[in-house]
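The structure under discussion appears below in the form of structure tokens.
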Amino acid sequence: MGNEASISSETGASAEDLQAQLQAAREEAAQLHDKYLRALAESENMRKRLERLCEERMWEQKRSLLGRFLEVADNIERALSYIDSPTGLREGLRATYAQLQSFLREQGITSIPAVGEAFDPNVHEAVEIIPGQGDELVVTEEYRKGYLCGDRLLRPARVQVTHSNNRS
């Protein structure tokens with residue numbers, strides 16, 4: 001108590017005043033610490049949002065670019081189906097098509113199985129439905145190949161589907 005009295009007399013403040021000032025300083029420090037933690041969390045959230053936005057934009061750019069390559073693959077495949085005789089043109093188209101398919105595989109592009117598979121609206125786009133037998137929808141013809149990039153849909157397969165008339 002002797003120390004408190006000497007401090008009080010030197011500063012002109014009572015022990016109670018000093019305790020109140022100390023408590024106020026602690027509360028202010030706690031508030032500032034809380035503000036700091038909130039600002040830090042907001043900064044981390046912003047960083048994560050920007051990362052997601054950047055990844056999404058990169059995906060859209062990749063999707064657009066690879067979609068153009070898929071159109072080229074479609075046209076080459078169509079051209080190959082119309083060539084009946086084994087000529088240099090046919091072999092050149094085959095080599096070009098094989099090279100394009102190799103590039104797509106390197107980019108993580110895989111084709112979606114279609115004909116004979118159960119219809120999956122997540123990866124198949126039904127453009128024609130024909131009567132059939134059975135209880136499930138089955139892909140019977142593929143009009144345009146569908147592709148995945150990793151586990152993400154690049155474009156759906158356009159397909160013909162059989163539909164049972166005897167559904168309950």
Side-chain angles (χ1 to χ4, degrees), residues 1-77 96-129 135-139 142-163 167-168:
M1 197 172 206
N3 273 343
E4 289 177 10
S6 66
I7 293 174
S8 295
S9 64
E10 290 174 14
T11 62
S14 70
E16 293 162 359
D17 289 341
L18 292 175
Q19 284 294 334
Q21 289 175 4
L22 178 61
Q23 184 60 31
R26 285 181 177 156
E27 288 173 7
E28 183 180 3
Q31 288 173 356
L32 291 174
H33 182 69
D34 185 57
K35 284 182 181 180
Y36 164 76
L37 291 177
R38 289 176 190 270
L40 189 63
E42 181 59 32
S43 173
E44 183 64 18
N45 289 339
M46 179 63 80
R47 184 188 64 76
K48 288 178 182 177
R49 278 193 300 272
L50 289 174
E51 273 183 8
R52 282 191 302 271
L53 179 63
C54 184
E55 287 174 10
E56 195 57 36
R57 283 188 179 166
M58 285 175 40
W59 163 247
E60 289 301 323
Q61 291 294 320
K62 186 174 185 178
R63 181 177 183 223
S64 174
L65 172 69
L66 294 174
R68 289 188 221 145
F69 277 106
L70 295 176
E71 293 299 322
V72 172
D74 292 342
N75 289 332
I76 292 172
E77 192 171 17
T96 303
Y97 184 67
Q99 184 179 23
L100 180 58
Q101 290 298 316
S102 174
F103 168 76
L104 293 173
R105 276 190 304 277
E106 289 171 8
Q107 298 303 311
I109 308 287
T110 55
S111 61
I112 297 169
V115 176
E117 298 289 322
F119 176 74
D120 179 354
N122 295 309
V123 294
H124 298 131
E125 178 184 345
V127 294
E128 183 177 10
I129 300 174
D135 289 334
E136 69 176 27
L137 297 174
V138 177
V139 176
E142 179 180 59
Y143 297 121
R144 184 184 79 175
K145 285 186 179 187
Y147 292 91
L148 297 171
C149 183
D151 62 348
R152 297 175 92 174
L153 181 65
L154 189 55
R155 78 170 188 196
R158 287 189 181 154
V159 298
Q160 175 189 74
V161 178
T162 58
H163 178 266
R167 292 192 156 209
S168 324

Side-chain ion pair, E56 and R63, N-O less than 4.0 Å: no
Just verifying a value: how many Å separate E142 CD and H124 NE2, rounded to the nearest 0.5 Å? 7.5 Å
Walk me through it: do Y97 and V72 pass the test side-chain contact (heavy atoms from CB on, under 4.5 Å)? CA-CA 9 Å; Y97 184 67; V72 172; over 6 Å; no
Polar side chain donor-acceptor pair, Q19 to Q23, under 3.5 angstrom: no
Please say which of Q107, E106, R105 ends up in a side chain to side chain contact (heavy atoms under 4.5 Å, CB included) with I109. Q107
Does a sphere of radius 6.0 Å around CD in E16 hold more than 12 heavy atoms from other residues, nucleotides or ligands, not counting ones at 6.0 Å or beyond? no
Would you call R47 and E44 a salt bridge, using N to O less than 4.0 angstrom? yes
Do you know which two heavy atoms are closest between A114 and V139, and how far apart they sit? O-CB, 3.2 Å
List the atom of R144, the atom of P156, and the distance in Å for their closest heavy-atom pair. NH2-O, 3.4 Å
Closest non-hydrogen atoms of L137 and T162, given as atom of the first, atom of the second and distance, are CD2-O, 3.2 Å
About how many Å separate CG of L148 and CD1 of I112, when rounded to the nearest 0.5 Å? 4.0 Å
Would one find more than 12 heavy atoms of other residues, nucleotides or ligands at under 6.0 Å from atom CZ of R49? yes
Determine, for D74 against R155, whether the closest basic-nitrogen to carboxylate-oxygen distance falls under 4.0 angstrom. yes
Which residues pass the ring-ring contact (aromatic ring centres under 6.0 Å, His included) test with F103, not counting sequence neighbours? F69
Approximate separation, where rounding is to 0.5 Å, of E55 CD and E51 CD: 6.5 Å
Quick one: CG on L37 to CG on L32, what's the gap to the nearest 0.5 Å? 11.0 Å
Any non-hydrogen side-chain atom of V161 less than 4.5 Å from a side-chain atom of V138? no
Roughly how far, to the nearest 0.5 Å, is OH of Y147 from CG of L66? 11.5 Å
More than 12 heavy atoms from other groups under 6.0 Å of CD on E28: no
Measure the CG-CG distance between L100 and L70 for me, rounded to the nearest 0.5 Å. 8.0 Å
